[in-house]
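We're numbering straight along the sequence, starting at 1.
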Amino acid sequence: MGKKKKKKKEEIQITAEPKTGLPEEFELRFEKHHDELRWLYMELYDNGSMFAELCERLKQFYMERKEALKELDRRREADPAWYRQNDMLGMMFYIDNFAKTINGVEEKLSYIEKCRANYIHLMPFLETPKGRSDGGYAVSDFQQVQKDLGTMEDLESLTEACHKRGIHVCMDFVMNHTSEDHAWAVKAREGDGEYMSRYFFFENSYIPSLYEKTVPQVFPTTAPGNFTWLPDQKHFVMTSFYPYQWDLNYKNPRVFNEMMYYFLYLANRGIDIMRIDAVPYIWKELNTQCRNLPQVHTIVRLMRIISEIVCPGILLLGEVVMEPEKVTPYFGTVEKPECHMLYNVTTMATTWHTVATRDVSLLKKQLDIVFGLPREYLFLNYLRCHDDIGWGLDYETLAAKGMEERAHKKYLNDYFLGLAGESNSRGELYNSDPVTGDARFCGTTASMCGVEKAGFEEDAAAMETAVQMDVMLHAYMFVLSGIPVIYSGDEVGQVNDYSYKEDPDKAADSRYLHRGAFNWELAGRILDPDSVQGKLFRRLNRLEEIRSRESVFVADAKARTVETWDTSVLCVERCYKGEKLLALFNFSETGRTAWIHETDGTYIDLVSEEKMAASGVNIPAYGFYYLKKIN
């Protein structure tokens, strides 16, 4: 009897002690967060047994976490501002487009380092059904990689190789919905009540019709309505996005727990940044818009706590497509933070509005709002990404300038189609609605800047202008507070890829226009100074070097816009620990003069290294200056 007790005690010790020799590490983190974790969980679910299960699984995931990842966690805990430095530069790409497989990406890490990128966003790569994937956002298995891309072991090898090079890896965590082919959905379709409760099922149209009264449609043209009728099962299921993407019911604690287990499983594969897809949608309530409800923030806060207990080196990136002042609640508070980073979506759209109008006034107002937010808030800034451009602008301000919303959206789309405003842009519309006149726009940065048109027409002068505009826009993006992210292909001026029309699985979705395979032939020209690729790559690389060298670009720098007295010229001032930078950008195809009246010292342009006065600055077409005060 005594021996049995001794054996049991030994087993408890083995179970309790991680191999790291630091059992107190988990216990201290857990003790620090336990009360709030329990309070928030019970507020949502009032289910003690499910909470106990969650806590036990958190310990299990911690124990399973590799020692190298735990050491990375410790270093980041010791330096909580590690991701806020001026050397952070992101690059996003689809694995198959960029390098065919995960192993292929590992082989291309040297190229990524040449681009000075130390943050790579791997676009959705988890298992999805062919032809019903929504670009990878209809996940059928959260623990399997798409077979054509590789395996989970390949992913772990890639993240380990990235960490050795100081590269951080981001992935999409799609938690609002699953594919209709996910194991839960399959069982729900078979009539299993336990799994049906993980989604929103209704026997008739009455409750769905009530939801439809208040819930906006995401894709009113290509996927109208928020519910799909399942004729075999004779039930409606909630599908906010596409019919094959079933919304998860987070009122069910089993859904929350299981999704957190998926989250931690992926974190333990070496992922550094989790992009939470469609955050505002994850809690549904009748008689509301099912957007941005208080329970969403509770869930995100729970995720932040869970990650800080198990894997505190992980960052949460929220995909919240709204104007900055409405996005900020997703940062949480200093005492109770939620997301570490958020996308600066509205500024991106306003930037392209500025290109089309040659008027910086709306952008200036937008940036004043962003710069006026607490400096703890960190945004990801980008010119283009995998998605379309939606014209979610400040139409109240535009109306005061005589710009009516519908007419202005039409002008913007016509401009970037190359049909208005003396535009050199090329692209296509997405989700065009003839009733409302609304539409979104698709195209690569280079095509929108005129590289495609100039190349097709073999117009050397037009190509120089297009390259200049492209570089200027990137220089402007690098000046914004936060982390700049380049869409793969932009560094070599890759243009629209119309071959998607030949693929029946993609032809109906014009977003594939800017999701073409990376052209490695173009990348082979980056050392040729006379090629478009060489000109772009060299100049962008120079800007990236300046940004990583100059401390005035850190996220904590104070920023503001400065009046230039020219509607086409934007001036951004950045100040940090006695250093000052004035960045000037001309959004016009003609030369302009910025009357900024800065006579408080001598300045040097960091790009040309020429000294110049920061007053009455003449800026060529689509030109820019990084003027640093030197005395």
Under a plain distance cut-off of 3.5 Å, with no hydrogens placed, do N176 and Y137 share a side-chain donor-acceptor pair? no
Check your understanding: Any chance the side chains of S499 and D497 put a donor and an acceptor closer than 3.5 Å?
Key -> yes
query = Would N292 and Y330 satisfy side chain to side chain donor-acceptor pair (under 3.5 Å), going step by step from the backbone distance to the final call?
reply = CA-CA 9 Å; N292 307 307; Y330 287 90; 2.5 Å; yes
- Item | Distance-only donor-acceptor check, side chains Y487 and T444, under 3.5 Å | no
Residues at least two apart in sequence or cross-chain that pass side chain to side chain donor-acceptor pair (under 3.5 Å) with S307, listed by chain then number, are none
Do E428 and Y500 have side chains that get closer than 4.5 Å, going by heavy atoms? yes
Applying side chain to side chain donor-acceptor pair (under 3.5 Å) to Q289 and not counting sequence neighbours gives none
**Prompt:** Relative to each other, are the rings of Y62 and F26 parallel, tilted or perpendicular (30° and 60° limits)?
**Reply:** tilted
**Prompt:** Taking atom types as modelled, is there a side-chain donor on Y261 or E53 under 3.5 Å from an acceptor on the other?
**Reply:** yes
_Any side-chain heavy-atom pair of Y211 and F236 under 4.5 Å_ = no
Close side-chain approach of I276 and M303, heavy atoms under 4.5 Å: yes
- prompt: Under a 4.5 Å cut-off applied to non-hydrogen side-chain atoms, are H408 and H353 in contact?
  reply: yes
For D394, the side chain to side chain donor-acceptor pair (under 3.5 Å) test, sequence neighbours excluded, returns K365, T397
Check your understanding: Would you say F98 and L122 make side-chain contact, with heavy atoms under 4.5 Å?
Key -> no
Are side-chain heavy atoms of R76 and D272 found at a separation under 4.5 Å? yes
So do the side chains of V174 and F241 get within less than 4.5 Å of each other, counting heavy atoms only? no
Sequence neighbours excluded, the answer for side chain to side chain donor-acceptor pair (under 3.5 Å) partners of K336 is none
Indicate, with yes or no, if the rings of F331 and F379 have centres closer together than 6.0 Å. yes
Verify whether the ring centers belonging to Y45 and F51 lie closer than 6.0 Å.
-> no
**Report entry** Distance-only side-chain donor-acceptor flag, T222 / N431, under 3.5 Å
**Finding:** yes
Those residues at least two apart in sequence (or on a different chain) that pass salt bridge (charged side-chain N to carboxylate O under 4.0 Å, His left out) with R275 are D172, D277, E319
Test ring-ring contact (aromatic ring centres under 6.0 Å, His included), reference H182, set F142, Y199, W246, output is F142
Checklist line | Any E405 side-chain heavy atom under 4.5 Å of E396 side chain | finding: no
query = When you measure from the centre of the six-membered ring of Y41, is the NZ or CZ of R38 under 6.0 Å away and within 45° of the axis?
reply = no
| said: Could you check whether D154 and S157, counting side-chain N and O atoms only, form a donor-acceptor pair closer than 3.5 Å? | reply: no
- Query: Is the number of heavy atoms from other residues, nucleotides or ligands under 6.0 Å of E31 CD greater than 12?
  - Reply: no
Problem - Parallel, tilted or perpendicular, as decided by the 30° and 60° cut-offs, for the rings of H386 and Y94 - result: perpendicular
Sorted by chain and number, sequence neighbours left out, salt bridge (charged side-chain N to carboxylate O under 4.0 Å, His left out) with R269 holds for E156
Checking S140 side chain against E127 main chain: does a donor-acceptor pair fall under 3.5 Å?
yes
